[in-house]
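In what follows, residues are counted from 1 in the order of the sequence shown.
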Amino acid sequence: MAESPTVGELFKAKTVTDEQVTALVDAVLAGKLDDRAELAEGYVLDVAAAVKASAFATAVLADEASKPGARRNAARTAILLARAEKA
């Protein structure tokens, strides 16, 4: 069985748009970690699990002294590295 693609791979394939990734990042920064976020073509992502799977993103987001740009980049990287699942 083939592994699920990462959100980054779906982004490169233009299956997921920059607007969709930005919306997920904005949701993370706003503290809205829904169970699953729908992506294009029947893919879903567990946003909370994606962030928790990245020790770096978890540390940056938990540190109140982190600059907004660092927080945004950490959340975006965690999302792009996460594996999407077929809905």
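The line from CG of L80 to CD of E9 is 11.0 Å long, rounded to the nearest 0.5 Å. Interatomic distance, L24 CG to L39 CG, rounded to the nearest 0.5 Å: 6.0 Å.
Here the closest non-hydrogen pair linking A70 and V60 is O-CG1, 3.7 Å. Residue A57 comes nearest to V51 through the heavy atom pair CB-O, 4.2 Å, listed as atom of the first residue, atom of the second, then distance.
Put simply, the residue from I79, T6, V21, T17 that forms a side-chain contact (heavy atoms from CB on, under 4.5 Å) with F11 is V21.
Side-chain contact between L29 and L61 is present, with heavy atoms from C-beta onward closer than 4.5 Å. Looking at L10 and Y43, their side chains come closer than 4.5 Å, going by heavy atoms from C-beta outward.
The side-chain hydrogen bond (donor to acceptor under 3.5 Å, both in side chains) contacts involving residues 75-87 comprise E3-R83, D18-R76, R36-E85, where partners must be two or more places apart or lie in separate chains. Every pair tested for side-chain hydrogen bond (donor to acceptor under 3.5 Å, both in side chains) that includes a residue from residues 52-71 fails, sequence neighbours excluded, so the list is empty.
L81 belongs to no hydrophobic cluster, as no Ile, Leu, Val, Met, Phe, Trp or Tyr side chain comes under 4.5 Å of its own.
Under the 4.5 Å side-chain heavy-atom criterion for grouping Ile, Leu, Val, Met, Phe, Trp and Tyr, V47 is connected to V7 within one hydrophobic cluster.
The pair R72-D26 meets the salt-bridge criterion, since a charged nitrogen lies less than 4.0 angstrom from a carboxylate oxygen.
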